Engineer: 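My questions will all concern the structure given below.
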Amino acid sequence: DAMVIQNPRYQVTQFGKPVTLSCSQTLNHNVMYWYQQKSSQAPKLLFHYYDKDFNNEADTPDNFQSRRPNTSFCFLDIRSPGLGDAAMYLCATSSRDSTSTDTQYFGPGTRLTVL
Amino acid sequence: AQSVTQLGSHVSVSEGALVLLRCNYSSSVPPYLFWYVQYPNQGLQLLLKYTSAATLVKGINGFEAEFKKSETSFHLTKPSAHMSDAAEYFCAVRDSSASKIIFGSGTRLSIRP
């Protein structure tokens, strides 16, 4: 089955220690998104890649970076995690063209704990 | 800009009862609307979507939603609740100008035995 995969599902890091979260997809979608979701809140878009074009949300802290080395993979780097960065991180993909609805499909998420 | 409002942060129904989760949208253009479900410690799963075809949209797990332009609503319903329906439900609208989707604040559905 085509899908969005996130690894690891649970990640523990120390305050200030860089961490990388991984997302891969077999849907061959041209857009990949990263969201942060805190408890009992809606997902908050951090940024997305449309093909190789990076689109950052205006309120995303500089502490969050992303890389997309190819169509299938996208990474979220948190350079110096703070306690406030503990959250669920969701990756999503969509197929964007002039005829599509740009429907987003989500991975299972990575729950990040910062000690 | 488009937006959605979900009425009721928490809805509780008895098993076998009707489920009704409310969503109202605001959009200056014909909207694309979505309902997603999220189980604990999981990602979001697409339940259904409205893309300006039929106004009554059927989704997975027995859910459906009706697009009502006159009421700017896209409420989610299920005739008979099951214990496995307990989850968080998000209504969303596509923001075509910004190429992203805007989520509502979510409604937590609880099912009483």
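On a predicted model such as this, the values are computed, not experimentally measured, just so you know.
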Engineer: Evaluate the side-chain proximity of Gln104(A) to Arg94(B): yes if any heavy-atom separation is below 4.5 Å, no if none is.
Structural biologist: no
Engineer: Which region of Tyr33(A), side chain (C-beta onward) or backbone (N, CA, C, O), has a non-hydrogen atom less than 4.5 Å from a non-hydrogen atom of chain B, or is it both or neither?
Structural biologist: side chain
Engineer: Which bit of Gln6(A) is near chain B, if near means a heavy-atom gap under 4.5 Å: side chain, backbone, both or neither?
Structural biologist: neither
Engineer: Taking atom CD1 of Ile101(B) and atom OH of Tyr35(A), what is their separation to the nearest 0.5 Å?
Structural biologist: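 The CD1 atom of Ile101(B) sits 4.0 Å away from the OH atom of Tyr35(A).
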Engineer: Tyr36(B) versus chain A, heavy atoms under 4.5 Å apart: side chain, backbone, both or neither?
Structural biologist: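 Contact with chain A: side chain only.
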Engineer: Surrounding CG of Asp62(A) (heavy atoms of other residues, nucleotides or ligands, distance under 6.0 Å), is the total greater than 12?
Structural biologist: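 12 or below, so no.
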Engineer: Going from CG on Asn55(A) to NZ on Lys100(B), what distance comes out if it is rounded to the nearest 0.5 angstrom?
Structural biologist: 10.0 Å
Engineer: Around atom NZ of Lys38(A), are there more than 12 heavy atoms of other residues, nucleotides or ligands at under 6.0 Å?
Structural biologist: yes
Engineer: Could you tell me whether the side chain of Asn41(B) reaches within less than 4.5 Å of the side chain of Tyr10(A), counting heavy atoms only?
Structural biologist: yes
Engineer: Between atom CD of Gln45(B) and atom OH of Tyr105(A), what is the distance when rounded to the nearest 0.5 Å?
Structural biologist: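 The OH atom of Tyr105(A) is 11.0 Å from CD of Gln45(B), to the nearest 0.5 Å.
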Engineer: Hydrophobic clusters here meaning ILVMFWY residues chained together by side-chain heavy-atom distances under 4.5 Å, can you tell me if Tyr50(A) and Leu46(A) are in one?
Structural biologist: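 Per the 4.5 Å side-chain linkage, Tyr50(A) and Leu46(A) are not co-clustered.
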Engineer: Tyr89(B) and Phe103(B): same hydrophobic cluster, using ILVMFWY side-chain contacts below 4.5 Å?
Structural biologist: no
Engineer: Select one option (side chain, backbone, both, neither) describing which atoms of Leu46(B) are under 4.5 Å from chain A's heavy atoms.
Structural biologist: side chain
Engineer: Which heavy atom in Ala42(A) sits nearest to a heavy atom in Phe90(B), and how many Å separate them?
Structural biologist: CA-CE2, 3.5 Å
Engineer: Checking Gln42(B) against Leu90(A) for the side chain to side chain contact (heavy atoms under 4.5 Å, CB included) test, could you report, in this order, the C-alpha distance in whole Å, the side-chain angles of both residues, the deciding distance, and whether it holds?
Structural biologist: CA-CA 9 Å; Gln42(B) 296 291 324; Leu90(A) 298 167; over 6 Å; no
Engineer: Which one wins on heavy-atom pair count under 4.5 Å against chain B: Leu45(A), Val31(A), Thr103(A)?
Structural biologist: Thr103(A)
Engineer: Count the heavy atoms belonging to other residues, nucleotides or ligands that lie under 6.0 Å from CD of Gln14(A), then report whether that count exceeds 12.
Structural biologist: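 At most 12 heavy atoms, drawn from other residues, nucleotides or ligands, come within 6.0 Å of this atom.
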Engineer: Got more than 12 heavy atoms from elsewhere within 6.0 Å of CZ, Phe73(A)?
Structural biologist: no
Engineer: Cluster question for you: counting only ILVMFWY and a side-chain heavy-atom cut-off of under 4.5 Å, with indirect links fine, are Phe74(B) and Val29(B) together?
Structural biologist: no
Engineer: Counting only non-hydrogen atoms closer than 4.5 Å, does Glu88(B) touch chain A with its backbone (N, CA, C, O), its side chain (CB onward), both, or neither?
Structural biologist: neither
Engineer: Distance check, rounded to the nearest 0.5 Å: Thr51(B) atom OG1 versus Asp102(A) atom CG?
Structural biologist: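 Interatomic distance, Thr51(B) OG1 to Asp102(A) CG, rounded to 0.5 Å: 13.0 Å.
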Engineer: Please tell me whether Phe34(B) and Leu48(B) are part of a single hydrophobic cluster in this structure, the criterion being side-chain heavy atoms less than 4.5 Å apart.
Structural biologist: no
Engineer: Please determine whether the number of non-hydrogen atoms from other residues, nucleotides or ligands lying under 6.0 Å from atom CZ of Arg68(A) exceeds 12.
Structural biologist: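 Result for CZ/Arg68(A): enclosed.
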